[in-house]
Amino acid sequence: MNNLRNKVLKLTSGIPKGNITTYKILAEKLGTKAYRAVGTALKNNPTPIIIPCHRVVKSNGELGEFSSKVYKKEDLLREEGIEIKNNRIVDFKEKLYRF
DNA sequence: ATATTGACATTTA
DNA sequence: ATAAATGCCAATA
């Protein structure tokens, strides 16, 4: 369980509701710069609902890509009280989760 | 084992 | 300001 993937999943599942994070921050917290690998790990997530992958967004505040046929990032985040304007997160910097 | 791709980020035009 | 190019590391083929 030392793969980057497992770490990412673990951290992602630990994100509190109402908070968000970015691929960059996750990677930095894991001690790597593999921002892309973080996304790769999340897309391979085994438990989509358990792991709040929708709380992980891009560093510029955009939602980024998402491949869930049923859910969309904006809807899920709005459900958690996060405002989204024009595919960007409102006050996303203030809602960033500090590990 | 090597090559290509990707749920990104940063820099340059 | 937006758009394209380049770089990053892991995962997948």
Side-chain angles (χ1 to χ4, degrees):
Chain A
M1 67 190 300
N2 283 331
N3 297 5
L4 180 71
R5 200 177 116 167
N6 196 314
K7 296 181 180 177
V8 172
L9 295 173
K10 184 178 172 191
L11 272 176
T12 305
S13 62
I15 300 174
K17 175 168 163 285
N19 282 268
I20 57 180
T21 189
T22 70
Y23 297 96
K24 175 175 185 157
I25 292 175
L26 272 171
E28 293 282 298
K29 257 56 209 167
L30 294 172
T32 179
K33 303 130 211 91
Y35 316 124
R36 300 199 136 220
V38 174
T40 306
L42 285 176
K43 96 176 171 191
N44 276 313
N45 77 23
T47 52
I49 308 300
I50 311 298
I51 298 179
C53 35
H54 51 274
R55 289 179 193 149
V56 184
V57 295
K58 294 219 270 179
S59 185
N60 64 338
E62 293 178 356
L63 295 180
E65 300 297 311
F66 191 67
S67 300
S68 195
K69 291 156 186 151
V70 189
Y71 302 107
K72 283 195 287 287
K73 269 185 176 175
E74 35 182 290
D75 290 336
L76 288 167
L77 289 172
R78 278 175 182 169
E79 288 280 321
E80 303 190 353
I82 296 177
E83 294 180 63
I84 297 183
K85 284 291 196 226
N86 199 8
N87 232 59
R88 295 198 91 227
I89 296 181
V90 178
D91 297 328
F92 113 97
K93 278 164 46 176
E94 323 218 348
K95 302 184 186 229
L96 274 177
Y97 173 60
R98 317 139 174 346
F99 290 94

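Convention: sequence-line order gives letters A, B, ...; per-chain numbering from 1. Only this structure's heavy atoms are used, side chains among them; waters, hydrogens and symmetry mates stay out.
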Review point. Would a 4.5 Å heavy-atom cut-off, applied to side chains only, mark Tyr97(A) and Ile25(A) as touching?
Key: no

**Study point:** CD/Glu79(A): more than 12 non-hydrogen atoms of other groups inside 6.0 Å
**Key:** no

Check your understanding: Near DNA chain B, under 4.0 Å by heavy atom, which residues of residues 38-55 of chain A?
Key -> Gly39(A), Leu42(A), Lys43(A), Asn45(A), Cys53(A)

Exercise for review: Verify side-chain contact (heavy atoms from CB on, under 4.5 Å) between Glu28(A) and Lys33(A), making sure each step is shown before the conclusion.
Suggested key: CA-CA 6 Å; Glu28(A) 293 282 298; Lys33(A) 303 130 211 91; 4.1 Å; yes

Check your understanding: Could you state the CD1-C1' distance from Ile25(A) to dA9(B), rounded to the nearest angstrom?
Key -> 12 Å

Review point. Looking across every strand, which nucleic acid part, if any, lies under 4.0 Å from Thr32(A) by heavy atom: base, sugar-phosphate, or nothing?
Key: sugar-phosphate

Review point. Partners of Glu65(A) by side-chain hydrogen bond (donor to acceptor under 3.5 Å, both in side chains), sequence neighbours excluded?
Key: none

Exercise for review: Kindly indicate whether the side chain of Pro46(A), heavy atoms from C-beta on, has any atom under 4.5 Å from the side chain of Leu9(A).
Suggested key: yes

**Study point:** Partner residues of Glu62(A) under the salt bridge (charged side-chain N to carboxylate O under 4.0 Å, His left out) criterion, sequence neighbours left out
**Key:** Lys58(A)

Could you go through nucleotides 11-13 of chain B and list every protein N or O atom that sits under 3.5 Å from one of its N or O atoms, giving the distance for each pair?
none

Practice item. Round to a whole Å and report the spacing from CD of Glu65(A) to C1' of dA9(B). Key: 14 Å

Point to revise | Counterpart residues, salt bridge (charged side-chain N to carboxylate O under 4.0 Å, His left out), relative to Lys43(A) (two or more places apart) | key: none

Review point. Do Glu74(A) and Asn87(A) come within less than 4.5 Å of each other through their side chains, counting heavy atoms only?
Key: yes

Exercise for review: List the atom of Lys73(A), the atom of Ile84(A), and the distance in Å for their closest heavy-atom pair.
Suggested key: O-CD1, 4.4 Å

Study note, to complete from the structure: Contact span of DNA chain C against chain A, any nucleotide atom under 4.0 Å from a heavy atom, 5' to 3', runs dG7(C) to dT12(C)

Review point. Quick one: are Phe99(A) and Leu26(A) in side-chain contact, heavy atoms under 4.5 Å?
Key: yes

